[in-house]
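Working notes, beginning with the structure itself.
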There are 2 protein chains.
Amino acid sequence: MSTEVPKRLTIYDLAKLAGSSPSTVSAVLNGTWQNRRISEKLAARILAVAADADYSVNMQARALRRERSGIIGMILPLYDNRYFSSIAQIFEAEARKRGLFAIVSCTNRDPQQEQAAAQMMIAHRVEKLICTGATDPDSIARMCHAQGVETINLDLPGRLAPSVISDNRNGAKALTTAILDRLEDRGNPQDPILFVGGRIEDHNTRERIAGFREALTARGLESPEENIMPCGYSGARAAPVLDAYLLKHKTLPSAIFVNSTITLEGIARWFNEQGHNMSEIVFGCFDWDPLAAVFNPHFLMVRQNVPVMIDRLFDLIDSPHAPSTALIEIQPEILGVQ
Amino acid sequence: MSTEVPKRLTIYDLAKLAGSSPSTVSAVLNGTWQNRRISEKLAARILAVAADADYSVNMQARALRRERSGIIGMILPLYDNRYFSSIAQIFEAEARKRGLFAIVSCTNRDPQQEQAAAQMMIAHRVEKLICTGATDPDSIARMCHAQGVETINLDLPGRLAPSVISDNRNGAKALTTAILDRLEDRGNPQDPILFVGGRIEDHNTRERIAGFREALTARGLESPEENIMPCGYSGARAAPVLDAYLLKHKTLPSAIFVNSTITLEGIARWFNEQGHNMSEIVFGCFDWDPLAAVFNPHFLMVRQNVPVMIDRLFDLIDSPHAPSTALIEIQPEILGVQ
DNA sequence: ACATAATGCACAACCGATTGCGCAATGCTG
DNA sequence: CAGCATTGCGCAATCGGTTGTGCATTATGT
């Protein structure tokens, strides 16, 4: 085994091997040799030598000279739910298709970590930075713009860069309507629906609450403040909300609008611990998880359309200078309605 | 908005601003100035100027000159299950703690994509490459070693680089034993257990089958070949297996050892479609998912110990030259036993 | 045969940080 | 006050590609 760095091959070595010059080797290897009037024959020879010697370009050197890194960055709250992990996966695949190298950093919904990650991305000279579900997208946008790096917001919108998000309001309205239909099927169309989870500071949660209310209003129903509990994204936050509801009303709500799968997990845990049966209640969840869906075929779930979101995202990336006010809303899908 | 690249600040600019030289600025900014006998006072001035001007080092230039990128790479089959996504997340956090920048690529269990991703990683001059669940870790290891890049295998072992994996055999044995205990509680300790999912070409699947058999043998039970169905990782593969079993035996097995959550999803779907009730059967799954667990408290699940695996992984990364034969097995946890 | 154009390729200056080395200024010793 | 050590810092080469420019050589036109 190599004891120390075994000096990798450079274009200078290849030039010697092929009896040519570094600049010619460079042009041949990066495909610009046609413009430089290199002969077919020499190009072939150089390519053969390079392949034979297992040459691999040094991207650092290339990026330094070209003043373009070929890297595109994304910051993300976390990987471990289906929505965000599929965002990461599809983003990466799409980036690769365009010859870009994607680097993704998790920032745990923490503004400090978001800033630090963005700094790192800037230091690595990413060509664009995608801020997914960022708690403070505008601060990041300011930082990046000061360094000449454009940003795009995904999932949560900002005011200083274009944004691609789900149509939260209409998605929530459709989900709530589906819940109301279920209640009607069960013969209690007037029963209260509890809204649980999310952060009221989030644009998305506010929009979902608005959609929730619109659906109720459309049926001539009330939406009392006390039934709307954006208690955060952690699963554990759901228990106190349910405890309080039960204490006050002596009975469970007939339906629950759950604002994320992580909240759903907390609610399910509470039902298990309390010995309640989830199938007595109509559940609608603004988020999708295949295992949750298959174990609860009666659940209503909203699946955000990640492939289309990423498509629109790359439209923005490709278009030179999208207006920072652009807000693109993608319709999600309601699963569980017959 | 900037029409074109707005020339970022370099150490040459800072040198002018601070009335000093580029080499001094460099030393001050990268912390090596003590060795270069720069005065406290000048260092402070330069730091102030840099902070004031929002300077950000160019990592490409640094990496080129230092001949170290500060980047560590990982290839991964996919993000979208809890096991792999937590690997990615914890790996990234640990890398960051060490001042390394983690880049992760999904390769969809496709040897071609694995090779291509490894090539990219090499071009970006990663300092090490972690091959997680690679279908062909040895080919990647050969490629990387030829370029002087060390690799480490995670989740699936290889013969050309050290490996950190779960103790699949003992984990499977413990899971099977737990299943047998459940069957005994239910009064049918001799009933057949079906093993479904995974690839027989995978080391892990083979070891799990071995552990499965050991547990049966320990109770004096048979493990007929026909009950062991490593039908792949896709969920859809489970249905034909279950169909065939049902056709032959006219009844469902009393217990199923499920080899992954994706297979579990396929099985659950089949049960729904066929109108069978999953609670009639004892389920053990070699994999863990919090939503699956909370919706099925009676499931036995194996949670692989990702934090410890990543810990050991970084032990290997930090140790100069681990023997390529090193195989570190981490004990997983059985969830669902009282 | 001579001027002109096209072809084929190499030279050398970069990109921005790092680092071995050396020089000037100051401090200290005798 | 000469002689030597120490302090403080800048010079210039370097990492490995990229690219504007220019110089031979060959082909074409008259």
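Quick note on labels: first sequence line is chain A, next is B, and so on, each numbered from 1. Computed over heavy atoms, backbone and side chain alike; hydrogens, waters and symmetry mates excluded.
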- Below 6.0 angstrom between ring centroids: does that apply to Y79(A) and F84(B)? no
- Item | Phosphate-side-chain proximity, N30(B) and dA17(C), N/O vs OP1/OP2 below 4.0 Å | no
- Item | A61(B) side chain, from C-beta outward: closest of dG10(D), dT18(C), dG16(C) | dG16(C)
- Given DNA chain C, 5'-ward residue of the pair G19(A) and R66(B), judged by closest heavy atom: G19(A)
- Query: Taking atom C1' of dA17(C) as reference, at what distance in whole Å does atom CE of M59(B) sit?
  - Reply: 11 Å
- W33(B) atom CH2 is separated from dC9(D) atom P, nearest whole Å, by 10 Å
- Query: Between dG17(D) atom P and R65(B) atom CZ, what is the distance in whole Å?
  - Reply: 16 Å
- Separation of E67(B) atom CD from dA17(C) atom P, in whole Å? 17 Å
- Query: If you find the nucleotide of DNA chain C closest to T24(B) and the one closest to L64(B), which residue's nucleotide is nearer the 5' end?
  - Reply: L64(B)
- Query: How close or far is atom P of dC15(C) from atom CD1 of I11(B), stated in whole angstroms?
  - Reply: 12 Å
- T10(A) near the nucleic acid: base, sugar-phosphate alone, or nothing, with a heavy-atom cut-off under 4.0 Å? sugar-phosphate
- Residue closer to the 5' end of DNA chain D, Y12(B) versus S26(A) (nearest nucleotide): Y12(B)
Anything under 3.5 Å between a protein N or O and an N or O of nucleotides 21-29 of chain D, put it in a table, one pair a line.
none

- Decide yes or no for L154(B) and I310(B): does some side-chain heavy atom of the first lie under 4.5 Å from some side-chain heavy atom of the second? yes
- Message: Any base atoms under 4.0 Å from L29(A), or only sugar-phosphate, or nothing? Heavy atoms, all strands.
- Response: nothing
- Item | R62(B) side-chain N/O to dT18(C) phosphate OP1/OP2 under 4.0 Å | yes
- Task: Would you indicate what S39(A) reaches in the nucleic acid, counting non-hydrogen atoms under 4.0 angstrom: base, sugar-phosphate, or nothing?
- Result: sugar-phosphate
- Quickly work out the N58(B) CG to dG16(C) C1' distance and round it to whole Å. 6 Å
- Task: Look at the side chain of S23(A) against the base of dC11(C) and say whether a donor-acceptor pair falls under 3.5 Å; ignore hydrogens and angles.
- Result: yes
- Query: Just checking, is any N or O donor in the side chain of D13(A) or Y55(A) under 3.5 Å from an acceptor N or O on the other one?
  - Reply: no
- Query: Relative to F101(A), does R96(A) satisfy both conditions: NZ or CZ under 6.0 angstrom from the six-membered ring centre, and within 45 degrees of the ring's axis?
  - Reply: no
- Task: Enter the distance from E150(A):CD to C144(A):SG here, rounded to the nearest 0.5 Å.
- Result: 10.5 Å
- Rounded to whole angstroms, how far apart are CD1 on I38(B) and P on dT6(D)? 18 Å
- Message: Is a donor from one side chain sitting under 3.5 angstrom from an acceptor on the other, for T24(A) and S21(A)?
- Response: yes
- Note on the structure: Between S56(A) and A43(B), whichever has its closest DNA chain D nucleotide further toward 5' is A43(B)
- Between atom CZ in R68(B) and atom P in dT18(C), what is the gap in whole Å? 13 Å
- Query: Does NZ or CZ of R109(A) fall inside the cone over Y233(A)'s six-membered ring, less than 6.0 Å from its centre and within 45° of the axis?
  - Reply: yes
- Query: Do I122(B) and L129(B) come within less than 4.5 Å of each other through their side chains, counting heavy atoms only?
  - Reply: no
- Classify the nucleic acid contact of T32(A) as base, sugar-phosphate or nothing, counting any heavy atom under 4.0 Å across all strands shown. nothing
